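We number each residue from 1, following the sequence as shown. Worth saying up front: this structure is predicted, and the values here are computed from it rather than measured.
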Amino acid sequence: MSAKHPIVAITGSSGAGTSSVTRTFENIFRRENVSAAIIEGDSYHRYDRAEMKKAMAEAEAGGRPHFSHFGEDANLFAELEQLFRDYSESGTGHSRKYLHNDEEAAPFKQPAGTFTPWEPLPDSELLFYEGLHGGVKTEHVDVSRYADLLIGVVPVINLEWIQKIHRDRSTRGYSTEAVTDVILRRMHDYVHYICPQFTRTHINFQRVPVVDTSDPFIARTIPTADESLVVIRFANPRGFDFPYLLSMLHDSFMSRANTLVVPGGKMELAMQLIFTPMILRLIERRRQLRAA
């Protein structure tokens, strides 16, 4: 952690909804005039798209059917930890961008599924990471220790699968069977690398549908926000004004002393109310220290 160079990290699985949370933070940064260096977790994958297909085939042939983007072998955990360390110490670091599709790739004149060159981060007041491994910890690295604010986004598993299936079918052209194979292949790494991060987060957001999602592989639609509740767990509830949050978030309630439950449609408002003052405190502390 660093008072002069704060780091905010959003961590969650593919299909969890971390991209939507990022948009909420971008709105906060824009409204409060905070300059943030935004890092996408995909840029710290070890392989580009073609290389990953080859690596998966080799892993399966070698008796490792669970090789996936969730695990250590397919990612640059040491480089990600180095970025967090460098930024916390000096506000600097290097990153790159993964080009998901032709639209993203066109300005760089590169094929989709490749990485841009490594470049220095722009000047910023805060580092913002969104991806799979913002809170990862292994025998060799501990990315989580550098985050001043670590947020988990983790829908109940059936909802997460529904969101992933629908996204991959509609935007990436995959079949349900192909996405199902990906889910099954990733399950080992999901248990060992993704789930443990949520014990290290400061705040978790878990969307829970209130409609039947018993078989996510045949679901025709994604449950809407109004068909969901959001369970917000605070690792340390001290300092949060829960009476104020309850008054501002209609139909919300406390299910435990550290757990706020809000209607799904109010998730963004809840994030704005919770995180805006936290971001402002981080930035104010930074500015005071730099001015001293």
Quick check: does any side chain N or O of [X] sit under 3.5 Å from a backbone N or O of [Y], one acting as donor and the other as acceptor?
X	Y	result
Gln288	Arg285	no
His188	His66	no
Asp148	Ile7	yes
Asn258	Phe234	yes
Arg233	Ile203	no
Glu81	Asp142	yes
Arg286	Lys4	yes

Less than 4.5 Å apart, side chain to side chain, heavy atoms only: is that true for [X] and [Y]?
X	Y	answer
Thr259	Val231	yes
Leu127	Ile39	yes
Val153	Arg207	no
Phe275	Leu149	yes
Met271	Val21	yes
Gln110	Pro117	yes
His94	Leu83	no
Arg185	Phe67	no

Between His133 and Phe77, does the ring centre distance come in under 6.0 Å?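 Yes, they do, as the ring centres are separated by less than 6.0 Å.
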For the rings on Trp118 and Tyr44, is their centre-to-centre separation under 6.0 Å? yes
Verify salt bridge (charged side-chain N to carboxylate O under 4.0 Å, His left out) between Lys97 and Asp42, making sure each step is shown before the conclusion. CA-CA 8 Å; Lys97 184 176 179 60; Asp42 289 354; over 6 Å; no
Ignoring hydrogens and angles, state whether a donor on the side chain of [X] or [Y] is under 3.5 Å from an acceptor on the partner side chain.
X	Y	result
Asp189	Ser68	yes
His69	Asn75	no
Asp212	Ser214	yes
Gln197	Arg200	no
Thr116	Arg96	no
Ser88	Arg85	no
Arg31	Thr276	yes

Taking atom [atom1] of [X] and atom [atom2] of [Y], what is their separation to the nearest 0.5 Å?
X	Y	atom1	atom2	value
Gln272	Met248	CD	CE	11.0 Å
Glu130	Ile151	CD	CD1	11.5 Å
Ile28	Glu26	CD1	CD	10.5 Å
Arg287	Glu284	CZ	CD	7.0 Å
Tyr190	Leu184	OH	CG	13.5 Å
Phe115	Ser43	CZ	OG	7.5 Å

Taking every non-hydrogen atom, the tightest pair across [X] and [Y]:
X	Y	result
Asp48	Gly113	CB-O, 3.1 Å
Glu104	Asn101	N-OD1, 2.8 Å
Leu99	Arg49	O-NH2, 4.3 Å
Ala257	Pro237	O-CB, 4.1 Å
Thr201	Gly152	CG2-N, 3.5 Å
Glu125	Tyr87	C-OH, 3.5 Å

Cluster question for you: counting only ILVMFWY and a side-chain heavy-atom cut-off of under 4.5 Å, with indirect links fine, are [X] and [Y] together?
X	Y	value
Val179	Phe70	yes
Met267	Leu273	yes
Leu245	Ile279	yes
Ile10	Ile232	yes
Leu269	Phe242	yes

I would like to know whether Leu260 and Leu249 meet side-chain contact (heavy atoms from CB on, under 4.5 Å); could you show each step before the answer? CA-CA 10 Å; Leu260 174 67; Leu249 299 164; 4.1 Å; yes
Do other residues, nucleotides or ligands put more than 12 heavy atoms under 6.0 Å from the [atom1] atom of [X]?
X	atom1	value
Asp123	CG	no
Arg256	CZ	no
Glu60	CD	no

Whether Lys266 and Asp251 form a salt bridge (side-chain N of Lys/Arg under 4.0 Å from carboxylate O of Asp/Glu) is what I want to check.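 No salt bridge links Asp251 with Lys266.
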Run the side-chain contact (heavy atoms from CB on, under 4.5 Å) check on Val261 and Val230 step by step: do they pass? CA-CA 6 Å; Val261 182; Val230 178; over 6 Å; no
Candidates Thr180, Ile222, Leu159, Asn158 - the one meeting side chain to side chain contact (heavy atoms under 4.5 Å, CB included) with Pro216: Asn158
Any idea how [X] and [Y] line up, ring-wise: parallel (<30°), tilted (30 to 60°), or perpendicular (>60°)?
X	Y	answer
Phe128	Phe29	perpendicular
Tyr129	Phe84	perpendicular
Tyr98	His45	perpendicular

Arg169 to Tyr174 six-membered ring, cation-pi geometry met (6.0 Å, 45°):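 Here Arg169 fails the 6.0 Å and 45° test against Tyr174.
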Evaluate the side-chain contact (heavy atoms from CB on, under 4.5 Å) criterion for residues Tyr193 and Thr138: first the C-alpha distance (whole Å), next the side-chain angles of each, then the deciding distance (0.1 Å), finally the verdict. CA-CA 8 Å; Tyr193 291 98; Thr138 71; 4.0 Å; yes
Evaluate the criterion side-chain contact (heavy atoms from CB on, under 4.5 Å) for residue pair Ile183 and Ile165; output intermediate values, then yes/no. CA-CA 9 Å; Ile183 290 171; Ile165 290 167; 4.3 Å; yes
